[in-house]
Structures are given as structure tokens and as C-alpha cells.
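To start, the structure itself, in C-alpha cells.
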2 protein chains.
Amino acid sequence: MATVTASERREEARAAYNAFMKGCPTNQLLIRISDKWAGLLMAALKDGPQRYSDLGRRIAGVSQKMLTQTLRTLERDGLVERTVTPSVPVRVDYALTPLGESLAVLFSAVKDWAEEHIEEVVEARERYDAGAGTS
Amino acid sequence: MATVTASERREEARAAYNAFMKGCPTNQLLIRISDKWAGLLMAALKDGPQRYSDLGRRIAGVSQKMLTQTLRTLERDGLVERTVTPSVPVRVDYALTPLGESLAVLFSAVKDWAEEHIEEVVEARERYDAGAGTS
DNA sequence: CGGGATCCTTATGGATACTG
DNA sequence: CAGTATCCATAAGGATCCCG
């Protein structure tokens with residue numbers, strides 16, 4: 001496939017031009033890192049390296065599938081480091097990489113915002129729900 | 001008596017999950033801002049109040065369903081304000097509230113992180129994918 | 001113990017049609 | 001114009017079994 005590059009390029013260019021939204025790797029990354037379990041996982045890992053089963057016990061509610069899947073994604077993105085110790089019962093530890101820690105710091109900022117403004121949000125919801133049927 | 005088992009266990013698990021997150025509204029907020037369209041919408045609204053159809057045209061790719069749904073959620077949470085002007089063709093404007101703006105700022109911070117570290121992430125991925133099949 | 005593979009349920013999102 | 005309602009496709013997530 002070499003003859004079509006022109007139109008294909010144009011499509012691609014248009015998609016890239018709309019970097020404001022989908023197609024943009026940054027946005028993909030944003031969605032990735034704000035994954036349902038990724039945040040909790042990274043928050044848990046801020047306390048230091050932990051074993052697979054420890055994480056599973058600590059998060060309590062995550063399935064091993066999602067635990068593994070999320071861990072794999074984070075590892076692949078260079079946010080988490082996986083260390084295997086080939087002892088008799090295999091031992092695997094997970095830890096935040098420096099990159100992962102820098103992101104975890106940001107999560108903390110969001111966490112702070114949430115804790116600081118959650119009341120306002122809740123109040124807004126109550127106000128909204130109360131006035132829903134009112135005229 | 002077997003109408004449950006599976007669903008009951010799931011409920012139980014979810015209860016435990018909620019209990020674990022009780023003092024942690026952070027994740028709810030994280031999930032909220034990581035919504036597929038919420039981020040784009042708030043980013044778009046940073047340029048000032050805009051009409052429903054303008055937003056739909058600007059985001060271009062969002063369905064009315066998701067546009068309305070996301071807008072409603074943001075409004076309910078007190079992040080966005082909805083203003084109806086009962087003219088002949090009804091006019092509805094949406095704008096960020098101060099609360100919404102403060103969150104949009106945080107969102108930008110995360111976005112900045114993503115843009116700043118996207119290369120490292122991509123490199124990490126390539127490294128990971130390259131060594132995946134190696135033994 | 002750690003995790004791959006598989007099957008199944010549910011949440012999410014998009015297209016379409018209709019309304020005030 | 002600004003929605004609302006409905007149906008449908010897909011993806012996310014979870015339960016279970018099994019293996020190194």
C-alpha cells in the first residue's frame with residue numbers, strides 16, 4: 001500500500017489537527033491513568049513496594065483480572081515496576097517508578113481538590129435534585 | 001432458593017468496596033473528571049459561555065445524548081451553569097461555575113503532565129512491547 | 001502465589017426518531 | 001434549537017477454571 005498515502009495523509013492530518021480530542025495520545029493517556037483502579041493502585045503503592053496478593057487484599061473489591069490488567073498497563077506505561085523473585089512460591093513485587101510517583105503526586109492534588117470541594121458538589125447535587133420537579 | 005448466589009455475592013463485594021471508599025470521595029471525582037467528554041467539555045467552556053449546539057459543533061463527534069448527559073451531570077455537580085433564554089427559538093447557554101473553573105485548572109495540570117511525559121510513556125511502551133516476546 | 005484464558009453480565013456510548 | 005426516548009453495538013468488568 002503505497003499509492004494512497006496522499007488521501008490517507010490528509011485524513012491523518014485532519015485527525016491530528018483535531019488534537020483537541022480523540023486521536024490525541026495525550027487524551028488517551030489521560031483516560032488511561034484515570035482508570036477506575038489505577039488511581040487506587042498507585043495510591044496504595046505510594047506506601048512502598050507491595051506484593052500482588054497484598055495489593056489484591058488491600059484494594060478489596062478488585063478482581064484479579066482487573067488487578068493484573070491494571071498493573072500490566074501501568075507497567076507498560078513505565079509507571080510501575082514489576083519485580084519477580086523466583087523463590088519456591090513465586091513472589092512478585094510492584095513499586096512505583098519515579099515517573100509513576102510524579103503522577104501520583106498529581107493524583108494527590110486532585111485528591112486534595114476533591115476533599116476540599118466535595119461538600120460543595122454534594123450541596124449542588126442536593127440543590128439540583130430538590131429543584132428538579134419545582135417550577 | 002437460588003435466585004441469588006452470584007448477584008448477592010457481587011452486592012456483598014460492592015458493599016465492601018464502597019466501605020473501602022467511604023472516606024474517599026476522591027475516586028468518584030477522579031472518575032467524574034476522567035469521563036470521556038467531561039474533560040473536553042470543560043476545556044471548551046474555558047473559552048466562555050457557549051450554546052448547546054455550539055458545543056455540539058465544537059466537540060464534533062459527541063452525540064446529543066452524551067452531550068446532554070455530560071452537561072447534566074456537570075450541572076448537577078455544580079460545575080456548570082445552564083441558562084435558558086425563552087426566546088422564540090429557545091436558547092440555552094452553558095458556562096463554567098467558579099467551582100468548575102477550579103476543577104478545570106486541575107484538569108489542565110494533569111493534561112500538562114500528560115503532554116510533558118507522554119514521550120517517556122511511549123518509550124516505556126515500546127520497550128515493554130519489544131521485550132514482551134523475548135525470553 | 002501469581003496470573004493466563006474463557007465465559008458471561010453489565011455499563012457505556014452511538015444512531016435514530018420524535019417532541020416542545 | 002434543544003432536548004427526550006429508544007434501540008443497539010461494544011467495551012469494561014467480574015466469576016471461574018486452570019496452569020507453572
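A note on names: the letters A, B, ... follow the listed sequences, proteins ahead of strands, and every chain is numbered from 1.
Distance L67(A) CG to dA12(D) P: 18 Å, rounded to the nearest Å. Between the P atom of dC1(D) and the CZ atom of R91(B) lies a distance of 12 Å, rounded to the nearest Å.
Direction change of the helix axis from one end of the helix from dC1(C)-dG20(D) to dG20(C)-dC1(D) to the other is 40°, with five pairs defining each end axis (rounded to 10°).
Between D54(B) and the options R57(B), R51(B), R58(B), a side chain to side chain donor-acceptor pair (under 3.5 Å) holds for only R57(B).
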For nucleotides 13-20 of chain C, 5' to 3', base contacts (B), sugar-phosphate-only contacts (S) and non-contacts (-) with protein non-hydrogen atoms under 4.0 Å give BBBB----

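The side chain to side chain contact (heavy atoms under 4.5 Å, CB included) check on S108(B) picks up K46(B), with sequence neighbours excluded. A43(A) pairs by the side chain to side chain contact (heavy atoms under 4.5 Å, CB included) definition with nothing, not counting sequence neighbours. For T83(A), the side-chain hydrogen bond (donor to acceptor under 3.5 Å, both in side chains) criterion is met by no residue, not counting sequence neighbours. In this structure, the side chain to side chain contact (heavy atoms under 4.5 Å, CB included) partners of R82(B), at least two apart in sequence or on a different chain, are R72(B), E75(B), V84(B), V92(B), Y94(B). Listed by chain and number, the residues in a side chain to side chain contact (heavy atoms under 4.5 Å, CB included) with E126(B) are V122(B) (sequence neighbours excluded). Applying the side-chain hydrogen bond (donor to acceptor under 3.5 Å, both in side chains) test to E123(B) and every residue at least two apart in sequence or in another chain returns nothing. For T68(A), the side-chain hydrogen bond (donor to acceptor under 3.5 Å, both in side chains) criterion is met by Y52(A), not counting sequence neighbours. With sequence neighbours left out, D77(A) forms a side-chain hydrogen bond (donor to acceptor under 3.5 Å, both in side chains) with R125(B).
Of all the residues in residues 70-87 of chain A, R72(A), R82(A) reach under 4.0 Å from DNA chain C with at least one non-hydrogen atom.
Residue R51(A) places none of its side-chain N or O atoms closer than 4.0 Å to OP1 or OP2 of dC1(C). Here Y94(A) reaches the OP1 or OP2 of dG3(C): one of its side-chain N or O atoms lies under 4.0 Å away.
For residues 88-97 of chain A, every residue pair satisfying the salt bridge (charged side-chain N to carboxylate O under 4.0 Å, His left out) rule, not counting sequence neighbours, is listed here: R91(A)-D93(A).
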